[in-house]
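Hydrogens, waters and symmetry mates play no part in the numbers below; they use all other heavy atoms, side chains included.
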There are 2 protein chains.
Amino acid sequence: MQKQETLSKNQKIILDLIEKSDQPLKAYSILFDVKKKGINAPLQVYRALDKLVEIGKIHKIESRNAFIACKNSKCQIAKATVFSICESCEDVTEIHDHKLSEHLKDFKDNKGMKYNKYNLEFFGLCKKCV
Amino acid sequence: MQKQETLSKNQKIILDLIEKSDQPLKAYSILFDVKKKGINAPLQVYRALDKLVEIGKIHKIESRNAFIACKNSKCQIAKATVFSICESCEDVTEIHDHKLSEHLKDFKDNKGMKYNKYNLEFFGLCKKCV
DNA sequence: TTGTTAATTGTTATAATATAACATCATGTA
DNA sequence: TACATGATGTTATATTATAACAATTAACAA
């Protein structure tokens with residue numbers, strides 16, 4: 001079997017749900033919501049999430065254990081993610097800043113490490129919560 | 001009671017352990033190790049970890065749910081952390097790069113968000129694992 | 001069209017990570 | 001003293017994530 005071009009049934013159900021939300025969803029809240037569609041077990045959710053992260057359709061917000069859809073068509077692989085997170089209302093926004101990306105992409109440490117991925121999370125207060 | 005200048009007993013025990021390791025430790029592995037010192041419950045560990053993170057003595061590696069000592073004397077508060085993580089051997093190194101810090105410190109999005117903290121994790125293969 | 005392989009699904013159980021709730025103790029200070 | 005605060009200890013539980021196994025499905029080559 002070749003690399004799938006289309007998503008599987010469970011993957012579609014779960015991606016749909018995440019895309020409808022503009023905020024990150026947690027795995028067990030997703031599970032709760034998709035029970036009516038016949039997805040009954042955590043593992044079914046986590047498997048779909050893993051795949052969706054792998055192909056860049058969603059990203060994991062590591063500090064929150066939550067998953068958000070990627071709205072950037074260019075971002076086909078979850079290689080380089082930047083988020084801002086409001087510590088008061090928990091609003092999360094994906095950031096696409098060319099200059100910042102360039103700096104991060106080109107970053108080299110002094111240990112000869114070869115990077116293929118990074119994740120950056122900014123924390124603070126959004127406009128509403130200041 | 002004033003803000004503590006010195007660490008409490010449990011905080012010391014747990015900081016000592018983390019400082020002796022050059023790699024991140026997980027909460028329950030810490031718990032296992034400090035049982036001989038009379039710390040018996042997860043909550044005792046998590047409380048100490050929370051405090052140590054708060055005062056900048058240790059950092060949490062969010063993508064790994066693990067805790068590492070901060071070796072940088074300047075880094076008294078866990079406001080700005082950068083790590084490199086080898087996806088093969090899981091080696092973690094804290095990065096202090098002046099130029100990068102400057103870019104991150106000064107970063108402004110276009111939404112008027114006020115940042116007070118960030119966490120950046122680079123993933124790749126270290127020299128040994130390439 | 002059959003056999004092979006890999007991806008996906010479904011299921012039960014369990015592991016790993018983290019917090020709630022409550023009681024107690026120690027210490028600094030009004 | 002008595003009050004507030006921070007730390008501790010304890011039991012129970014919540015939350016997040018994976019192991020292990022069986023069955024099914026889709027793509028492709030012989």
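- B:N40 contributes a side-chain N or O that, together with a main-chain N or O of B:G38, makes up a donor-acceptor pair within less than 3.5 Å.
- C:dA18 atom P lies 12 Å from atom CD of A:E62, rounded to whole Å.
- Each of A:K99, A:H103, A:E102 was compared with B:H103 under the side-chain hydrogen bond (donor to acceptor under 3.5 Å, both in side chains) criterion, and only A:H103 meets it.
- Relative to the side chain of B:Q44, the nucleotides C:dT9, D:dG9, C:dT11 differ in distance, and D:dG9 lies closest.
- Going from atom CG of B:L31 over to atom C1' of D:dT8 covers 15 Å, rounded to whole Å.
- Not one side-chain nitrogen or oxygen of B:K9 sits closer than 4.0 Å to the OP1 or OP2 atom of C:dC25.
- Counting to the nearest Å, the P atom of C:dT9 and the CD1 atom of A:I13 are 9 Å from each other.
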Take nucleotides 14-23 of chain D nucleotide by nucleotide from the 5' end and write B, S or -, depending on whether a protein heavy atom sits under 4.0 Å from the base, only from the sugar-phosphate, or from neither. --BBBBB---
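- Contact check, B:N10 against D:dG9: a side-chain N or O comes under 4.0 Å of OP1 or OP2.
- A donor-acceptor pair is defined here as one N or O able to donate and one able to accept, closer than 3.5 Å; no such pair exists between the side chain of B:E94 and the backbone of B:C70.
- For A:K35, the salt bridge (Lys or Arg N to Asp or Glu O under 4.0 Å) criterion is met by no residue, not counting sequence neighbours.
- Remark: P of D:dA12 and CG of B:N40 are 15 Å apart, rounded to the nearest angstrom.
- Taking atom CG on B:L49 and atom P on C:dT17, their separation rounds to 12 Å, with Å as the unit.
- The side chain of A:S8 places no N or O atom within less than 4.0 Å of a non-bridging phosphate oxygen (OP1 or OP2) of C:dA7.
- Computed from coordinates, the A:K12 NZ to D:dT25 C1' distance equals 13 Å when rounded to whole Å.
- When the P atom of D:dT8 is taken as reference, atom NZ of B:K51 falls 10 Å away, rounded to whole Å.
- Computed from coordinates, the A:Q11 CD to D:dT25 P distance equals 16 Å when rounded to whole Å.
- Heavy-atom minimum distance, A:E62 versus A:E121: N-OE2, 2.9 Å.
- The aromatic rings of A:F107 and A:Y115 sit parallel to each other, their planes meeting at less than 30°, with 60° as the upper class boundary.
- At least one side-chain heavy atom of B:N65 sits under 4.5 Å from a side-chain heavy atom of B:K60.
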